[in-house]
Amino acid sequence: MNEGIVFEDVSRFYGDVLGVNRVDLDLEPGIIGLVGPNGAGKSTLMNLVTGLASPSRGRVVVRGVVPNDAEAFYRRIGYCTQYDAFPVGMTGRRLLISLLRVHGFARDRANELANAALDRVGMTAAADRPVDAYSKGMRQRIKLAQAICHEPEVLVLDEPLNGLDPQARAEVTEIFREFGAVGAHVLISSHILHEVDAISDRVVFLDNGYVIAEGDAPGIKGELKQYPMQIYVRSEHAPSIASRLFELGHVTEVRLHDDGAGLFARTPDADRFFLAFNRLALAGAWHVDAIGTADETVEAIYNYLVVDGAAGVSS
Amino acid sequence: MTADTWTDGAGRGVWKQRAKQARAVVDVELRKMLGGKRALAVCLLAALPVFVVFLLAVNVHALTLMDARETFGTIYSVVVLGATVFFGCALVFTHLFRGEVLRRSLHFYLLAPLRREVLTLAKYAAGLLAVCTLFGGVTILVHPMFIVTATQGDWVVLEMFRYLGITLLGCTAYGAVFLLFGTLFRNPILPVAVLLGWEMLNFLLPAGIRMASVSYHLKSLLPVPGPVEQAMGVPAELPSPGVAIMSLLILSAVAVVLACLRVRRMEIRYTED
């Protein structure tokens, strides 16, 4: 049985409006970031994974099960949606217990799982207050508790960090890592790109309903050969390093940091750059605090692919 | 396997589990109904016959049993069936799915490992339990309240149970139709208004068409002729009680099955709603 999330030539149209088109993906377990501008098709893709929408063409198989088999499918799925709404008149604890009972858990087990989920998202103290009275951050956390309370194998999260303070973000991302570490799929859509970068094993980039790139960030950047790689250097000798770097024929741009203690260099051939830089550093006896690639991040790739408009990359 | 007692295939464990899930849905729905603002409107509708009967009972004295029964028959047709049961069921059943879509909370159910048919049946059962308890209770209350007061002592116990049966049957049929409306229409108010007109004016229609009406079948079960029948004479073509009951049960079953099919294909697209 395939343990992946598989999209086989999936398209979804809403009348004449394109949701996603010709998506072919085979996502292995781990934390997967879903990135794209508004209207890129992220929510459609998540609704397709969770069976809340059906493909107009193709099919979606999640860990060997199709959404039509609701009783088997939804035992595996936990979905923290973007919708900030709850059944009327419920406390956080009652909401979780009720949903777990609807899942088919016995009362004692439902209580046990609800308490565990509340504890995990730090909502035990507020569990007996009405959900309608919760703050934005608390509602976000109770939504997450609802998504994880039945211990799903596939966790789908639509903007899960919205409304959370920095400490809560750290706690919540730790939960995602725990799920990823035990072999679950964690599919995260977020506009907070540096956080997607920090927690994702792989990233799916979407734009205008198409998957424009998929893989780990360095791999995707490696495929973007038309974009010179940006390398940063932190050194007190930055101005003299900059002048020497211009002597290298493959360096296309050098820009000093505002504080003068570092620089950015662009080159289409990173391997040659690092080799030449080592030689220059030894010859010039430069003290280098740090050196590395500056654009193998989700944010940089997003800018290349979406803002600059490149497409058709996959690693 | 996460939820307990699931068994593969179509074994007894699966059905037991589905029954358990359905009970959980009924429990959630009843809590929501009691906690919602609609509960107040439904309770006011339930109080309407009590209020009307109270007003009449204090003003009408020493009627013969026959006159009292005929007067109650009119009150029952117009107030209990025509207002309380019809509008009460419309408020409760159109809201079962439509309300969740408007509140953007339907996905909580759709993300549970629960067959959509079980969800639909459980929601219908919850609605039925609520309205049958409330409106059945009102029927049991107002019948003796009026007959005993108006006749100063007489009471027809079996007739009360007959009215109770009509109320329950009315809730079953109207509930199923409104459940279907709630899954078919974005704004069920218009179809409810059309149905109201159809139910009120169907006595003007030819006999063949008139059969496609809940009130037509309910009227044939009344112990005494309704107000229209009293004014116009009882139409000879009213169905027998057996046919009327079967027709209403079949209508309810068909409406619930159609609602199940609609819910089965339902998708979450709150932004369009």
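Just so we're on the same page: letters track the sequence lines, and every chain starts at 1.
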Practice task
Sequence neighbours left out, what passes salt bridge (charged side-chain N to carboxylate O under 4.0 Å, His left out) with A:Glu28? Give chain and number order.
Solution key: none
Practice task
Give the minimum heavy-atom separation between A:Ala70 and B:Leu114, together with the two atoms involved.
Solution key: CB-O, 3.9 Å
Handout entry: B:Arg103 versus A:Pro87, closest heavy-atom pair with distance
Key = NE-C, 3.9 Å
Handout entry: Contact origin within B:Arg264 toward chain A - heavy atom pairs under 4.5 Å
Key = neither
Problem - Atom group of B:Arg23 that falls short of 4.5 Å from chain A, counting heavy atoms - result: neither
Handout entry: Ring center gap for B:His107 and A:Tyr79 short of 6.0 angstrom
Key = no
Exercise for the section: May I have all residue pairs that pass side chain to side chain donor-acceptor pair (under 3.5 Å) and include part of residues 132-142 of chain B, sequence neighbours excluded? Expected result: B:Thr139-B:Thr167
Heavy-atom contact with chain B under 4.5 Å, split by part of [X]:
X       : result
A:Thr50 : both
A:Ser43 : neither
A:Leu99 : side chain

Practice task
Under 4.5 Å, heavy atom to heavy atom: which of residues 131-139 of chain A reach chain B? Give them by number, or say none.
Solution key: A:Asp132
Practice task
Could you check which of B:Val118, B:Val28, B:Leu111 has the highest count of heavy-atom pairs closer than 4.5 Å to chain A?
Solution key: B:Leu111
Fill in the blank from the handout: Ranked by heavy-atom pairs below 4.5 Å to chain A, first place among B:Met266, B:Arg116, B:Arg31 goes to B:Arg31
Over 12 non-hydrogen atoms of neighbours within 6.0 angstrom of [atom1] in [X]:
X       : atom1 : value
A:Arg57 : CZ    : yes
B:Phe54 : CZ    : no
B:Phe51 : CZ    : no
B:Leu44 : CG    : yes

Exercise for the section: Look up atom CZ in B:Arg115 and atom CG in A:Asn68, then write down how far apart they are to the nearest 0.5 Å. Expected result: 10.0 Å
Fill in the blank from the handout: In this structure, CD of A:Gln82 is separated from CZ of B:Arg104 (nearest 0.5 Å) by 8.0 Å
Practice task
Could you name each residue pair satisfying salt bridge (charged side-chain N to carboxylate O under 4.0 Å, His left out) that touches residues 89-103 of chain A, not counting sequence neighbours?
Solution key: A:Arg93-A:Asp128
Handout entry: pair B:Val14-A:Glu71: side-chain heavy atoms closer than 4.5 Å
Key = yes
Handout entry: Aromatic plane relationship, B:Phe108 with A:Phe86 - under 30° parallel, 30 to 60° tilted, over 60° perpendicular
Key = parallel
